[in-house]
Number of protein chains: 2
Amino acid sequence: MSVREDTDTAKTVTDAALRPFLGFNLRRAWNVIHADLTATLEPHDLRMITFSALAVIGDNPGLSQAQLATALSVERPNLVPVTDELASRGLVTRERVPSDRRTYALRLTASGASLLARATTAVHDHESALYADLGEADRATLIAAFRRIESTGTGRS
Amino acid sequence: MSVREDTDTAKTVTDAALRPFLGFNLRRAWNVIHADLTATLEPHDLRMITFSALAVIGDNPGLSQAQLATALSVERPNLVPVTDELASRGLVTRERVPSDRRTYALRLTASGASLLARATTAVHDHESALYADLGEADRATLIAAFRRIESTGTGRS
DNA sequence: CTTATTCGTTATGACTCGTATCTATCGTGC
DNA sequence: GCACGATAGATACGAGTCATAACGAATAAG
């Protein structure tokens, strides 16, 4: 079948076969953004999951851990060490709810809100740098596309 | 401080604080695509890494494992079990190179090429379904944006 | 021959995430 | 009051991914 190609010593190894796939490109972009995000949050002693949790708690004071897990798309067990850490660092409070003593009501403390504000600013600035080459319109297109992919894939609203 | 909000029993837990961040949306989209891709490749007994490896080998016959690792952005040690599996399944050959007996020259076998073709079709079809809501222009915008994010983040080419 | 470098490989550990399971609590029906 | 199923939080365990360190074999340079 004339499989004999002299591509052997080729110095150029191409991605060409994978580039047409959006999923592949998305993975590469995600790797970059993930690395940048991790580095951005590291000075604040936050990981992506703890930062996300802080943000959702800040937006939904008094929510339960189960609600938080749903909002973050993680399983409940994986949230336990997160809330443990946030609580032990004094960033969130876990108040017992009188009406249902099984659940905790999660709220930001003052220092939690302050840290969230600082980290949010840092993340926003880093994202702006990463997307400097992208126009505002492209950025909006991206987010809209992501949400559509999300809903197409999961079927949820 | 009038912290007393009745958001406690709120049934609606919002993502609002995170949605403006592109990274967050990208992660969600990636989760969806990753799940779909995994399910798509599973009937072919392929994982993302093995499929990607097949595709790159098919496009660059005779390349070394080190070159493959670079093309796939994974560390060399993590590629060993991949090439082992592909070789033991008879999908790729590892021929010794006379000029440099340290390296292996990786090539697809006939069945490897056949499997790659079938899997590529499957992945392409699934991607088309996922991106059905996206126009062709949006898809091109997405890929272009990804590549720009990639190069901005890594500084490479 | 000696030294440094590269390839493929092994071993190891960090990190993420999901499933199964347990206890405590709530709600419902008897 | 008491049994039943369901839910919240927590624990334990395992699968999967990924990077680092280090080793033998082979190559290249001195």
Side-chain angles (χ1 to χ4, degrees), chain A residues 8-9 11 13 23-24 27-28 30-35 37-39 41-42 45-53 57 62-88 92-106, chain B residues 8-9 11 13 27-28 30-35 37-39 41-42 45-53 57 62-88 92-106:
Chain A
D8 296 55
T9 45
K11 304 173 197 306
V13 179
F24 177 78
R27 176 165 139 70
R28 287 291 177 86
W30 168 242
N31 282 347
V32 169
I33 291 179
H34 179 261
L37 213 40
T38 301
L41 292 173
E42 195 266 334
D45 275 312
L46 289 173
R47 292 170 300 153
M48 282 192 48
I49 182 67
T50 50
F51 171 72
S52 303
I57 294 171
L63 85 170
S64 70
Q65 293 187 192
Q67 290 174 313
L68 179 58
T70 301
L72 295 178
S73 286
V74 299
E75 295 304 312
R76 273 70 81 206
N78 298 327
L79 209 57
V80 174
V82 175
T83 49
D84 278 353
E85 177 187 335
L86 295 178
S88 72
V92 309
T93 57
R94 276 193 287 203
E95 312 156 9
R96 282 294 185 186
V97 178
S99 60
D100 187 342
R101 295 207 309 274
R102 294 173 300 180
T103 75
Y104 284 119
L106 303 174
Chain B
D8 296 56
T9 46
K11 303 172 197 307
V13 178
R27 176 165 140 69
R28 288 290 177 87
W30 168 242
N31 282 347
V32 169
I33 291 180
H34 179 261
L37 213 41
T38 301
L41 293 173
E42 195 267 333
D45 276 311
L46 289 173
R47 293 170 298 152
M48 283 192 46
I49 182 67
T50 49
F51 170 72
S52 303
I57 294 171
L63 85 170
S64 69
Q65 293 186 193
Q67 290 174 313
L68 179 57
T70 301
L72 295 178
S73 286
V74 299
E75 296 304 312
R76 273 69 81 207
N78 298 326
L79 208 58
V80 174
V82 174
T83 50
D84 278 352
E85 177 188 336
L86 294 178
S88 72
V92 309
T93 57
R94 276 192 287 203
E95 312 156 9
R96 280 293 185 189
V97 177
S99 61
D100 187 344
R101 295 206 307 273
R102 294 173 300 180
T103 74
Y104 284 119
L106 303 173

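Basis for what follows: all heavy atoms, side chains included, without hydrogens, waters or symmetry-related copies. The chains referred to below are lettered A, B, ... by the order of the sequence lines, with proteins before strands, and numbering in each begins at 1.
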For this session: Round to a whole Å and report the spacing from NE2 of His34(B) to P of dT16(C).
Result: 16 Å
Exercise. Judged by atom type as modelled, is there a donor-acceptor pair below 3.5 Å linking the side chain of Thr50(A) to the main-chain atoms of Leu46(A)?
Worked result: no
Exercise. Does a side-chain N or O from Arg47(A) land closer than 4.0 Å to OP1 or OP2 of dT16(C), or not?
Worked result: yes
For this session: Determine the minimum heavy-atom distance between Leu68(A) and Thr83(A), stating which atoms define it.
Result: CD2-CG2, 4.4 Å
Exercise. Under 3.5 Å, is there a donor-acceptor pair between the side chain of Arg94(A) and the main chain of Tyr104(A)?
Worked result: no
Exercise. Within the pair Gln67(A) and dA8(D), is there a side-chain N or O less than 4.0 Å away from OP1 or OP2?
Worked result: no
Problem set entry | Distance in angstrom units between Asn31(A) CG and dT16(C) P, rounded | 15 Å
For this session: Identify which nucleotide among dA11(C), dA26(D), dA10(D) has an atom closest to any side-chain atom of Pro77(B), counting heavy atoms from C-beta outward.
Result: dA11(C)
Exercise. Within this structure, what is the CD-to-C1' distance between Glu42(A) and dA14(C), rounded to whole angstrom?
Worked result: 15 Å
For this session: State whether Arg27(A) places a side-chain N or O below 4.0 Å from either non-bridging phosphate oxygen (OP1 or OP2) of dC18(D).
Result: yes
For this session: Let me know the distance between CG of Asp84(B) and C1' of dT9(C), rounded to the nearest Å.
Result: 9 Å
Exercise. Closest approach of Ala69(B) and Glu75(B), non-hydrogen atoms and distance?
Worked result: CB-C, 4.4 Å
Problem set entry | Nearest-Å distance for atom pair CD/P, residues Glu85(A) and dA10(D) | 14 Å
Exercise. Rounded to the nearest Å, what distance is computed from the CG atom of residue Leu72(A) to the C1' atom of nucleotide dG18(C)?
Worked result: 16 Å
Problem set entry | Shortest non-hydrogen contact from Glu85(A) toward Asp45(A) | OE2-O, 4.1 Å
For this session: Look at all strands and tell whether Arg101(A) reaches a base, only sugar-phosphate, or nothing, counting heavy atoms closer than 4.0 Å.
Result: sugar-phosphate
Exercise. Within this structure, what is the CG-to-P distance between Leu68(A) and dA8(D), rounded to whole angstrom?
Worked result: 13 Å
Exercise. Taking atom C1' of dA10(D) as reference, at what distance in whole Å does atom CZ of Arg76(A) sit?
Worked result: 13 Å
For this session: Assign Asn78(A) to base, sugar-phosphate, or nothing according to its heavy-atom contacts below 4.0 angstrom with the strands shown.
Result: base
For this session: Starting from the 5' end of DNA chain C, give me the residue, Asp100(A) or Glu75(A), whose nearest nucleotide shows up first.
Result: Glu75(A)
Problem set entry | Short side-chain N/O contact from Arg94(A) to OP1 or OP2 of dA10(D), under 4.0 Å | yes
Exercise. Quick one: does Arg102(A) reach the base of dT7(D) with a side-chain donor-acceptor pair under 3.5 Å?
Worked result: yes
